[in-house]
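Since the model is a prediction, treat every value here as computed from it, not as a measurement.
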Amino acid sequence: MARLAAVGGLLVGGTMVTRAVASEPPDTSAAPHTLAQPASGTGAGLVSRLGASRTAGHWVGTDGRPVVAVTDESTAEAVRRAGAEAKLVRHSMSELKSATSTLRSAPRVPGTAWALDYRSNEVVVRGDSTVSGSDWSRLTGVAEGIGGFVRMERTEGTFTTRLNGAEPILSTAGRCSAGFNVTDGQSDFILTAGHCGPTGSVWFGDDGGDRQVGRTVAGSFPGDDFSLVEYANGKAGDGADVVAVGGGKGVRITGAGEPAVGQRVFRSGSTSGLRDGQVSALDATVNYPEGTVTGLIETDVCAEPGDSGGPMFSEGVALGVTSGGSGDCDKGGTTFFQPLPEAMKSLGVELIVSAREGAGSGATPSSPAATGGGGGGTVPGAATPGAAAPATGVNGSTLLSRLTDRRNVGPGMLVVAGSLIALVATRWIRADQDRKAYRRHYSATWG
């Protein structure tokens with residue numbers, strides 16, 4: 001009976017682990033699930049405590065540990081005592097910020113962008129294919145006047161906002177993807193990209209364009225890149241805290257935060273679906289043809305027209321909404337994101353809290369689900385966009401849905417381990433009993 005129970009435990013534990021892993025987005029097993037967020041928090045705390053004149057940013061190392069750039073050995077020792085890795089660099093954050101201020105004050109050149117590369121301790125300036133030779137030469141002169149820590153690079157393609165004139169979410173301005181659901185305590189909104197449409201834009205959520213989702217009531221672009229679309233009926237509805245990732249699956253968002261350089265992130269959009277990559281730089285400035293946007297997150301995640309406004313997240317934490325970039329998902333490229341905490345603070349809203357989780361304010365961000373290919377963030381209807389399938393997939397009440405909960409991986413492994421121990425123990429007990437019986441028989445027949 002004990003052995004039968006152990007075999008049953010192996011079957012249940014194996015099902016818990018395999019179903020939970022199968023329900024995750026593609027390749028998430030390689031993501032630093034247990035290290036990325038703590039590493040980000042540790043590095044940010046050290047940079048804040050030690051100051052901009054002694055540090056030059058932080059990032060997540062390949063091993064998941066926090067790395068802090070420091071300008072002297074005494075600061076490096078303080079970082080090591082805190083359990084992080086220290087890297088000595090020549091230029092402090094104050095110097096890097098001063099360089100970007102100088103670049104910002106120079107004559108604006110559309111098609112250029114710059115960001116702080118913490119790992120190389122440089123300011124990287126990029127120019128796309130639309131920048132003329134004379135403009136690039138003039139900007140290079142400005143960079144040379146700053147110092148040798150400004151690196152100039154030309155890039156293929158063009159830096160554009162990721163908007164096109166196709167389908168959901170639809171307005172006269174074109175097509176975007178919805179980001180995260182937020183609230184001001186009275187009404188619910190979609191937080192998306194600001195360049196998607198000016199205040200007053202009316203949005204529709206299906207291919208026919210005959211179902212109104214809401215209207216843009218606030219936003220900022222250029223300068224920032226965020227806006228609020230108020231739901232037509234005032235409420236987001238059920239499943240408002242789920243990001244769709246395709247194939248009828250969804251990821252429940254559990255909080256909002258700020259990313260670290262080197263952290264793996266996911267982006268979901270209505271055109272290209274779920275994509276992943278790494279944060280390559282922070283505090284990026286992009287000179288779009290429509291205007292300049294500052295304070296963006298730079299990544300190597302690809303994006304295409306129509307993905308604008310879609311959610312970026314990591315390990316269930318909401319990080320930002322898609323702004324723009326260069327390249328595509330065939331050749332790759334650079335994509336920039338508007339940080340979420342800054343946008344929510346400016347707009348006076350917070351992420352909708354999951355009633356199921358019962359968390360405090362801002363604990364459960366959300367985003368609409370996708371239609372068609374399943375890219376997160378598109379809006380197919382006036383109610384919560386596509387909420388039914390993803391919400392059921394994440395928090396369904398059936399036994400199968402409970403087994404697919406990714407939080408069951410740990411308990412499932414414990415059940416498997418316990419069952420294996422029980423099998424070994426019952427085998428050993430049976431063998432020991434057999435040996436004792438043999439000895440008794442042998443002793444009785446020897447004489």
- Message: Please evaluate residues Ser132 and Ser134 with respect to the criterion side-chain hydrogen bond (donor to acceptor under 3.5 Å, both in side chains), reporting the C-alpha separation (whole Å), side-chain torsions for both, the decisive distance (0.1 Å), and the verdict.
- Response: CA-CA 5 Å; Ser132 67; Ser134 59; 3.3 Å; yes

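When side chains are defined from C-beta on, Ser98 does not count as touching Ser101, because their heavy atoms never get closer than 4.5 Å. Counting only heavy atoms from C-beta outward, the side chains of Val279 and Val60 never approach each other to under 4.5 Å.
A distance-only check finds no donor-acceptor pair linking the side chain of Tyr288 to the backbone of His195 [under 3.5 Å]. With hydrogens and angles disregarded, no donor-acceptor distance shorter than 3.5 Å links the side chain of Asp241 to the backbone of Arg252. A donor-acceptor pair is defined here as one N or O able to donate and one able to accept, closer than 3.5 Å; such a pair exists between the side chain of Asp72 and the backbone of Ser74. When atom types are taken as modelled, the side chain of Arg154 and the backbone of Asp128 share a donor-acceptor pair closer than 3.5 angstrom. Proximity of a side-chain donor or acceptor of Thr292 to a complementary backbone N or O of Asn287 within less than 3.5 Å is not detected. Looking only at distances, no side-chain donor or acceptor of Ser346 sits under 3.5 Å from a matching main-chain atom of Glu342. The backbone N or O of Thr102 lies less than 3.5 Å from a partner atom in the side chain of Ser105, making a donor-acceptor pair. With hydrogens and angles ignored, the 3.5 Å screen pairs no side-chain donor or acceptor of Ser323 with any backbone N or O of Gln338. Between the Thr299 side chain and the Thr335 main chain, a donor and an acceptor come within less than 3.5 Å of each other. Looking at Ser177, its side chain does come within 3.5 Å of a backbone N or O of Ser270 through a donor-acceptor pair.
Around CD of Glu73, the count of heavy atoms belonging to other residues, nucleotides or ligands within 6.0 Å exceeds 12. More than 12 heavy atoms of other residues, nucleotides or ligands lie within 6.0 Å of CZ in Arg151, so this atom counts as buried by the packing criterion.
With respect to the salt-bridge test (charged N to carboxylate O, under 4.0 angstrom), the residues Arg215 and Glu230 do not qualify. With respect to Asp135 and Arg138, a salt bridge is recorded, a charged nitrogen being found less than 4.0 Å from a carboxylate O.
Inspection of the Asp307 and Ser272 side chains reveals an N or O donor paired with an N or O acceptor under 3.5 Å. Between the side chains of Thr75 and Arg54, at least one donor-acceptor pair of N or O atoms lies under 3.5 Å.
Taking CG of Leu228 as the reference point, atom CG of Leu191 lies at 5.5 Å (rounded to 0.5 Å). Considering CZ of Arg81 and CG of Leu46, their distance stands at 10.5 Å, rounded to 0.5 Å. For the atom pair Glu95 CD and Arg90 CZ, the distance stands at 9.0 Å (nearest 0.5 Å). Taking CG of Asn181 as the start and OH of Tyr231 as the end, the distance is 3.5 Å to the nearest 0.5 Å. The line from CG of Leu116 to NE2 of His91 is 12.5 Å long, rounded to the nearest 0.5 Å.
When all heavy atoms of Gly197 and Thr216 are compared, the closest pair comes out as O-CG2, 4.0 Å. Between Val321 and Gly179 the shortest heavy-atom distance is CG1-CA, 4.2 Å. Contact between Ser227 and Ala193 at its shortest, heavy atoms only, is OG-O, 2.9 Å. Minimum heavy-atom separation, Ala256 to Leu340: CB-CD2, 4.4 Å. In terms of heavy atoms, Val109 sits closest to Thr112 at O-OG1, 2.6 Å.
The aromatic rings of Phe266 and Phe313 sit parallel, their planes meeting at an angle under 30°, below the 60° perpendicular limit.
Note on residues 279-311: pairs passing disulfide bond (SG atoms under 2.5 Å apart), not counting sequence neighbours, are Cys302-Cys329.
Evaluation of the side chain to side chain donor-acceptor pair (under 3.5 Å) rule for Thr55 yields no partner, not counting sequence neighbours.
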